[in-house]
Visitor: 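Shown below is the structure under consideration.
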Amino acid sequence: MISATEFKQALQSWASGVTIVTTHSEQHGLQGMTVSAFSSVSADPALILCCVNGTADTIAGIDASQCFAVNVLAATQQNASSQFAGGCSYEERFTNNPWHTAVTGSPLLSESLMSLDCKLIEKVQAGSHWILIGEVQACESRDGEPLLYYRAGYHELAIHDDT
Ligand SMILES: Cc1cc2nc3c(=O)[nH]c(=O)nc-3n(C[C@H](O)[C@H](O)[C@H](O)COP(=O)(O)O)c2cc1C
């Protein structure tokens, strides 16, 4: 059996984008956390998934609201990624980063490249994590470049000259 250290080291070769998963509930207020484990699942119906550690406090809010938003970060949002990864309190995360309210009530981060407003349709336990499957109710996009994560560091797209 592979060790957790070996597994994490191998997975560092996987380059990804960075998202912040947000929610709002009466019980827990505004919550959000940085998540790179995100994937599109199906176009019709429009489904996505993300994988969230069972220890994350944001899970309690998603359980309560049954809704969440996935905000795909722009290259300019590296600070937001660090803040929503535990760098500061929930209150500060939402004071420092402009947001507005989605149809479902989830907060959408206004400077994100793209935001998906989702209803939670299934929550599957897998090891230490929950796989959250969301049905996309609405989405919004902006121009810009994505924030990338690779080998435990942030990166931006390189411009390749094809000539
Ligand atoms: C770039 C990056 C990607 C992350 N991806 C995930 C992820 O996919 N799933 C996860 O559970 N935590 C991930 N984390 C860690 C969580 O953002 C962090 O533990 C967060 O503070 C937990 O949420 P909470 O504040 O609601 O407890 C990531 C952190 C960083 C910096």
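Just so you know, ligand 1 is whichever comes first in the structure, and atom 1 is the first atom listed for that ligand.
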Visitor: Going by the rule ring-ring contact (aromatic ring centres under 6.0 Å, His included), which residues pair with F38 if we only count those two or more places apart in sequence or in a different chain?
Guide: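 If we apply the ring-ring contact (aromatic ring centres under 6.0 Å, His included) test to F38, skipping adjacent residues, there are no hits.
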Visitor: Note down each nitrogen or oxygen pair, ligand 1 side and protein side, whose separation is under 3.5 Å; give only atom names and the distance to 0.1 Å.
Guide:
{"from": "ligand 1", "atom 1": "5 (N)", "to": "S36", "atom 2": "N", "distance (Å)": "3.0"}
{"from": "ligand 1", "atom 1": "5 (N)", "to": "S36", "atom 2": "OG", "distance (Å)": "3.3"}
{"from": "ligand 1", "atom 1": "8 (O)", "to": "S36", "atom 2": "N", "distance (Å)": "3.1"}
{"from": "ligand 1", "atom 1": "8 (O)", "to": "A37", "atom 2": "N", "distance (Å)": "3.0"}
{"from": "ligand 1", "atom 1": "9 (N)", "to": "C51", "atom 2": "O", "distance (Å)": "3.0"}
{"from": "ligand 1", "atom 1": "11 (O)", "to": "N53", "atom 2": "N", "distance (Å)": "2.7"}
{"from": "ligand 1", "atom 1": "14 (N)", "to": "T34", "atom 2": "O", "distance (Å)": "3.2"}
{"from": "ligand 1", "atom 1": "17 (O)", "to": "T34", "atom 2": "N", "distance (Å)": "3.4"}
{"from": "ligand 1", "atom 1": "17 (O)", "to": "T34", "atom 2": "O", "distance (Å)": "2.7"}
{"from": "ligand 1", "atom 1": "21 (O)", "to": "A85", "atom 2": "O", "distance (Å)": "3.4"}
{"from": "ligand 1", "atom 1": "21 (O)", "to": "G86", "atom 2": "N", "distance (Å)": "3.4"}
{"from": "ligand 1", "atom 1": "25 (O)", "to": "R93", "atom 2": "NH1", "distance (Å)": "3.1"}
{"from": "ligand 1", "atom 1": "25 (O)", "to": "R93", "atom 2": "NH2", "distance (Å)": "3.2"}
{"from": "ligand 1", "atom 1": "26 (O)", "to": "D57", "atom 2": "N", "distance (Å)": "3.3"}
{"from": "ligand 1", "atom 1": "26 (O)", "to": "T58", "atom 2": "N", "distance (Å)": "3.0"}
{"from": "ligand 1", "atom 1": "26 (O)", "to": "T58", "atom 2": "OG1", "distance (Å)": "2.6"}
{"from": "ligand 1", "atom 1": "26 (O)", "to": "Y90", "atom 2": "OH", "distance (Å)": "2.4"}
{"from": "ligand 1", "atom 1": "27 (O)", "to": "D57", "atom 2": "N", "distance (Å)": "2.9"}

Visitor: Locate the shortest heavy-atom distance separating A69 from L108; write the atom from each residue and the value.
Guide: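 Residues A69 and L108, closest heavy atoms: CB-CD2, 3.4 Å.
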Visitor: Would you kindly say whether N97 and Q83 are connected by a side-chain donor-acceptor distance under 3.5 Å?
Guide: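 Yes.
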Visitor: Flag the pair R93 and E91 as a salt bridge only when some basic side-chain nitrogen lies within less than 4.0 angstrom of an acidic carboxylate oxygen.
Guide: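 The answer is no: the pair does not qualify as a salt bridge.
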Visitor: Would you please name every residue forming a side-chain contact (heavy atoms from CB on, under 4.5 Å) with T55, sequence neighbours left out?
Guide: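 With neighbours one apart ignored, the set is N53.
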Visitor: Could you work out, with ring-ring contact (aromatic ring centres under 6.0 Å, His included) as the rule, every residue matching F84, not counting sequence neighbours?
Guide: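 Residues passing ring-ring contact (aromatic ring centres under 6.0 Å, His included) with F84: F94.
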